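Here's the structure, in structure tokens; my notes come after.
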Amino acid sequence: MIGLIDCNNFYCSCERVFNPNLRNSPVVVLSNNDGCVIARSNEAKALGIAMGTPFYQIRNLLETNKVAVFSSNYTLYGDMSRRVMMLLSDFSPELTQYSIDEAFIDLNGFGNGEALHTYGKKIVATIGRGTGIPVTMGIAQTKTLAKVASKYGKKYKGYEGVCLIDSEEKRIKALQGFDIADVWGIGRKHAEKLNYHGIRTAWDFTQKNESWVRKMLTVTGVRTWKELQGISCIDIEELPQKKSICTSRSFADQGLSELTQVEEAVANFAASCSRKLKEQKSCCSSMTVFAYTSRFRMDLPSHAINRTVTFPVPTNDQQELAASAVRALRSEWRKGNTYLYKKAGVIVWDICPDSAIQTNLFDTIDREKQARLAAAIDAINRKNGYNTVKVAVQGNGKSWHLKCEHITRQYTTNLKEIIQVK
DNA sequence: TCTGGGGTCCTAGGACCC
DNA sequence: TCTGGGGTCCTAGGACCC
């Protein structure tokens with residue numbers, strides 16, 4: 001059996017831990033730049049606030065209903081997630097973290113029926129007590145069925161946070177009452193397609209034959225189809241290395257029009273990619289720099305910059321990445337350019353371990369010297385904070401900024417911002 | 001006026017090889 | 001007039017996830 005532990009309305013719950021007076025009132029958390037709603041408490045969902053709604057469109061609704069609004073505080077959420085996962089790891093030798101707020105655990109050998117149910121309740125209670133984050137657990141034979149179970153667990157209070165699908169009768173009943181669009185792996189497009197063919201519930205879907213499913217939804221659809229029947233076939237490995245790493249941001253208000261502004265942004269995104277590469281001990285061989293105008297402003301001229309460069313030798317060097325990103329941007333920048341760029345980013349690809357680098361006979365950089373410099377810079381930054389030492393082109397942070405007018409403190413990761421008791 | 005960020009996997013089609 | 005057969009590799013785009 002497999003258990004799925006899913007934190008309820010995770011970002012909202014994190015904020016509530018430090019603002020307990022909000023425990024029973026509506027809360028939303030906004031995306032970067034205070035752009036869209038990306039997390040909602042149950043009370044906020046009940047007000048009809050949809051996921052992804054632009055903030056400005058519902059500002060009045062939020063005020064009228066006294067909804068607490070927070071800018072996203074990823075430092076806080078990341079740390080709370082770490083705490084949840086740490087507690088959870090005590091309950092099973094096999095834990096696979098699937099996202100910031102979800103993990104699968106292997107429950108084989110932990111009994112069945114009532115015993116398993118009791119064990120689940122113990123997990124939910126322990127995490128709730130240890131972190132203040134409410135979680136729901138779904139238990140079933142496959143990951144996809146565990147997802148189904150956890151949705152039932154969230155929907156009906158009677159389950160007290162743990163829903164178990166452990167018999168053929170329960171499986172059939174669960175699938176018959178489950179909208180196909182809510183199945184893990186079935187997105188909007190696939191749901192439309194299946195609806196068109198008369199499939200409304202997960203059960204309807206399981207009644208089709210394999211070749212039909214393959215034709216409609218390719219091999220990934222077949223996996224979902226099998227999993228719903230209790231045949232486990234989705235493997236989620238702890239990804240040892242990411243295959244691509246991206247850092248991108250939207251810019252506040254209308255966007256940026258000056259080359260120097262976008263350069264500064266792109267240099268910082270490249271530096272962030274360098275840091276992420278180093279965290280997973282890897283280097284990249286190519287990089288894409290992109291910038292584009294707002295896709296919503298039909299009244300303004302639109303433009304997209306997208307340039308990929310390759311490196312002679314795989315690298316994670318902050319200076320090399322930042323310099324290359326800026327060069328790539330400049331090479332695409334049109335003279336007299338007056339576009340308003342709303343978003344930009346840097347992606348690094350072709351990632352390999354930093355221990356297995358193929359050197360280049362025609363390399364012009366003294367890599368040993370550069371590595372010593374980078375190590376010195378990293379050491380200073382580790383001690384004094386990220387970006388204490390940086391490349392000049394990264395600027396002073398004044399050329400562009402993110403909007404985050406409702407951000408809370410870093411309660412758990414910064415001593416200066418620790419919670420105060422009156 | 002204002003509309004997020006970061007990933008993975010699969011397929012079709014083009015370029016290229018002999 | 002008529003133009004093969006069988007591969008591999010790469011990329012862009014579309015689908016999905018949170």
Side-chain angles (χ1 to χ4, degrees), chain A residues 4-11 28-40 50-60 62 70-74 77-78 81 96-104 143-144 147 150-151 180-194 214-224 233-255 269 272-273 276 280 286 288 290 292-300 304 306 308 310 340 342-351 402-405:
Chain A
L4 169 70
I5 291 85
D6 197 338
C7 301
N8 302 347
N9 314 322
F10 184 56
Y11 296 171
V28 298
V29 174
L30 304 175
S31 63
N32 266 340
N33 250 328
D34 293 346
C36 299
V37 171
I38 54 165
R40 304 153 296 153
M51 180 75 173
T53 310
F55 179 38
Y56 76 91
Q57 286 177 3
I58 53 166
R59 207 181 273 264
N60 289 338
L62 297 175
F70 294 99
S71 301
S72 35
N73 185 344
Y74 292 109
Y77 310 151
S81 167
T96 317
Q97 188 174 344
Y98 177 64
S99 71
I100 192 163
D101 71 330
E102 270 175 86
F104 291 102
K143 296 190 176 70
T144 308
K147 280 266 193 184
S150 97
K151 289 221 179 179
I180 185 65
D182 293 334
V183 172
W184 188 44
I186 305 293
R188 196 168 50 86
K189 295 275 182 182
H190 285 169
E192 274 172 25
K193 210 170 180 177
L194 294 173
R214 182 181 299 269
K215 206 171 76 193
M216 280 293 157
L217 311 180
T218 79
V219 300
T220 45
V222 173
R223 271 178 221 147
T224 298
C233 56
I234 296 181
D235 261 330
I236 299 170
E237 303 126 48
E238 214 63 79
L239 288 173
Q241 276 207 332
K242 283 179 185 156
K243 295 174 177 176
S244 70
I245 289 173
C246 173
T247 304
S248 72
R249 291 290 178 275
S250 292
F251 303 122
D253 305 319
Q254 296 215 340
F269 300 154
S272 158
C273 286
K276 293 176 187 175
Q280 63 163 37
S286 63
T288 298
F290 65 88
Y292 48 79
T293 51
S294 171
R295 63 185 200 278
F296 299 104
R297 294 293 301 269
M298 300 306 172
D299 54 322
L300 295 174
N306 193 314
T308 300
T310 58
L340 280 163
K342 182 63 186 167
K343 180 170 178 167
V346 170
I347 312 171
V348 291
W349 320 85
D350 299 325
I351 291 173
L402 282 180
K403 211 193 260 180
C404 52
E405 292 168 354

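Keep in mind that what you see is a predicted model, and the values were worked out from it rather than measured.
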Contact nearer the 5' end of DNA chain B, comparing Ser250(A) with Ser244(A) |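 Result of the comparison: Ser250(A).
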Hey, which of these two, Lys342(A) or Lys276(A), hits DNA chain B nearer its 5' end, going by closest nucleotide?
->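 The answer here is Lys342(A).
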Heavy-atom distance under 4.5 Å between the side chains of Arg214(A) and Val219(A), does that happen here?
->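 When only atoms from C-beta onward are counted, Val219(A) and Arg214(A) do touch, with a gap below 4.5 Å.
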Do Arg297(A) and Gln254(A) have side-chain heavy atoms sitting under 4.5 Å apart?
->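 SC-SC contact between Arg297(A) and Gln254(A) confirmed.
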Write down the distance between [atom1] ([X]) and [atom2] ([N]), rounded to a whole number of angstrom.
X: Asn306(A); N: dT11(C); atom1: CG; atom2: C1'; answer: 13 Å
X: His190(A); N: dA15(C); atom1: NE2; atom2: C1'; answer: 5 Å
X: Gln241(A); N: dG6(B); atom1: CD; atom2: C1'; answer: 17 Å
X: Asp34(A); N: dT1(B); atom1: CG; atom2: C1'; answer: 14 Å
X: Gln57(A); N: dT1(B); atom1: CD; atom2: P; answer: 13 Å
X: Leu217(A); N: dT11(B); atom1: CG; atom2: C1'; answer: 14 Å
X: Lys243(A); N: dC9(B); atom1: NZ; atom2: P; answer: 4 Å
X: Ile236(A); N: dC16(C); atom1: CD1; atom2: C1'; answer: 13 Å

N/O (side chain, [X]) to phosphate O (OP1/OP2, [N]) under 4.0 Å:
X: Lys147(A); N: dC18(C); answer: yes
X: Lys403(A); N: dG4(B); answer: no
X: Arg249(A); N: dG6(B); answer: yes
X: Thr218(A); N: dC9(B); answer: no

Minimum-distance nucleotide (side-chain atoms of [X] versus [options]):
X: Cys36(A); options: dG6(B), dC18(C), dG4(B); result: dG4(B)
X: Lys189(A); options: dG5(B), dC18(C), dA15(C); result: dA15(C)
X: Gln254(A); options: dG6(B), dC2(B), dG4(B); result: dC2(B)
X: Thr220(A); options: dC9(B), dC18(C), dG6(B); result: dC9(B)
X: Arg223(A); options: dG6(B), dT3(B), dC9(B); result: dC9(B)
X: Asn32(A); options: dC18(C), dC10(B), dG4(B); result: dG4(B)

In Å and rounded to the nearest 0.5 Å, what is the NE2 to CZ distance from His190(A) to Arg188(A)?
->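 Rounded to the nearest 0.5 Å, the NE2-CZ separation comes out at 11.5 Å.
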Relative to each other, are the rings of Tyr77(A) and Tyr11(A) parallel, tilted or perpendicular (30° and 60° limits)?
->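 Rings of Tyr77(A) and Tyr11(A): parallel, as their planes differ by under 30°.
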With respect to Lys143(A), which candidate in Leu4(A), Thr224(A), Thr96(A), Ile236(A) satisfies the side-chain contact (heavy atoms from CB on, under 4.5 Å) definition?
->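 Single pass found, and it is Ile236(A).
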In degrees rounded to 10°, what angle is found between the helical axes fit to the five outermost pairs at each end of the helix from dG5(B)-dC18(C) to dC18(B)-dG5(C)?
->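 It comes to 10° between the two terminal axes.
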With sequence neighbours excluded, what pairs up with Asp253(A) under the side chain to side chain donor-acceptor pair (under 3.5 Å) test?
->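 Partners of Asp253(A) under the side chain to side chain donor-acceptor pair (under 3.5 Å) test: none.
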Set of ring pair (Phe, Tyr, Trp, His ring centres under 6.0 Å) partners for Tyr292(A), sequence neighbours left out =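 Result, ring pair (Phe, Tyr, Trp, His ring centres under 6.0 Å) vs Tyr292(A): Phe290(A).
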Show the numbers, then the answer: is there a side chain to side chain contact (heavy atoms under 4.5 Å, CB included) between Asp6(A) and Asp101(A)?
-> CA-CA 6 Å; Asp6(A) 197 338; Asp101(A) 71 330; 3.5 Å; yes
